[in-house]
Amino acid sequence: QVKLVESGGDLVQPGGSLRLSCVASGVTSDDYVIGWFRQDPGKERRGISCISATDGSTWYRNFVEGRFTISRDKAKSTVYLRMNDLKPDDTGMYYCAADTAPSPEALCRTVNWAALDAWGQGTPVTVSS
């Protein structure tokens with residue numbers, strides 16, 4: 001059973017930076033893709049950035065590309081999301097998710113997010129002055 005634990009969310013001023021962490025346990029297959037999803041109030045949860053456990057390939061939602069960087073440390077079983085130049089629109093609850101998927105894009109763009117194999121409890125990010 002895959003278990004995910006997120007941390008790193010905080011209150012930050014516009015233009016600031018944060019690094020979110022997702023510690024994964026129980027991942028036994030290299031076919032897993034791990035990603036960061038965000039749920040805005042009144043909206044569906046959607047993928048922001050995802051990374052392949054196999055080859056480290058990545059995918060980003062267009063409005064975070066160039067500002068966010070996803071990475072993994074296999075020795076620590078941890079996936080990070082470095083968030084730079086944060087904007088008020090980046091505010092939300094950030095969740096880590098994992099499942100087998102043909103690509104990071106496939107995981108991040110899924111509309112069937114509720115059926116993904118594993119979710120963390122979420123970590124809140126607030127961007128405000």
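One is the number of the first residue; the rest follow in order along the sequence. What you see below is based on every heavy atom in this structure, not just the backbone, and it leaves out hydrogens, waters and symmetry mates.
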Nearest heavy-atom neighbours spanning [X] and [Y]:
X	Y	result
L4	A24	CD2-CB, 3.6 Å
C50	G35	SG-CA, 3.6 Å
C108	S49	SG-C, 3.2 Å
R82	S17	NH2-CB, 3.6 Å
C22	W36	CB-CZ2, 3.5 Å
G26	V2	O-CG2, 3.6 Å

**Message:** Could you go through I34 and C96, starting from their C-alpha distance and side-chain angles, then the distance that decides it, and tell me whether this counts as side chain to side chain contact (heavy atoms under 4.5 Å, CB included)?
**Reply:** CA-CA 7 Å; I34 296 178; C96 186; 3.7 Å; yes
Any side-chain heavy-atom pair of [X] and [Y] under 4.5 Å:
X	Y	value
D117	T100	no
V127	P14	yes
W113	R46	no

In terms of hydrophobic clusters joined by side-chain contacts under 4.5 Å, are [X] and [Y] together?
X	Y	answer
L107	Y60	no
I70	V64	yes
V33	L81	no
Y95	L116	yes
I48	V12	yes

**Message:** I need the Q39 CD to E44 CD distance, nearest 0.5 Å.
**Reply:**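 Here the interatomic distance stands at 7.0 Å.
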**Item:** Sidechain-backbone polar pair: Q121 side chain, E6 backbone, donor-acceptor under 3.5 Å
**Value:**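 Such a contact is found between Q121 side chain and E6 backbone.
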**Request:** Output, in order, the C-alpha distance, side-chain angles, deciding distance and verdict of side chain to side chain contact (heavy atoms under 4.5 Å, CB included) for M83 and Y94.
**Result:** CA-CA 12 Å; M83 308 161 68; Y94 284 73; 3.7 Å; yes
**Residues that S52 engages under side-chain hydrogen bond (donor to acceptor under 3.5 Å, both in side chains), provided they are two or more places apart** =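 D55.
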**Stacked cation flag R109 on W59, 6.0 angstrom / 45 deg** =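 No, a cation-pi geometry is absent between R109 and W59.
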**Prompt:** Centre of Y80's six-membered ring, under 6.0 Å away, within 45 degrees of the axis: is that where NZ or CZ of R19 sits?
**Reply:** yes
**Asked** For residues 61-73, which residue pairs qualify under salt bridge (Lys or Arg N to Asp or Glu O under 4.0 Å), counting only residues two or more places apart or in two chains?
**Response** R67-D90
**Message:** Using side chain to side chain contact (heavy atoms under 4.5 Å, CB included), reason through L86 and F68 one step at a time and then give a plain yes or no.
**Reply:** CA-CA 9 Å; L86 282 161; F68 291 10; 3.9 Å; yes
**Prompt:** Run the side chain to side chain contact (heavy atoms under 4.5 Å, CB included) check on L20 and V125 step by step: do they pass?
**Reply:** CA-CA 9 Å; L20 307 183; V125 172; 4.1 Å; yes
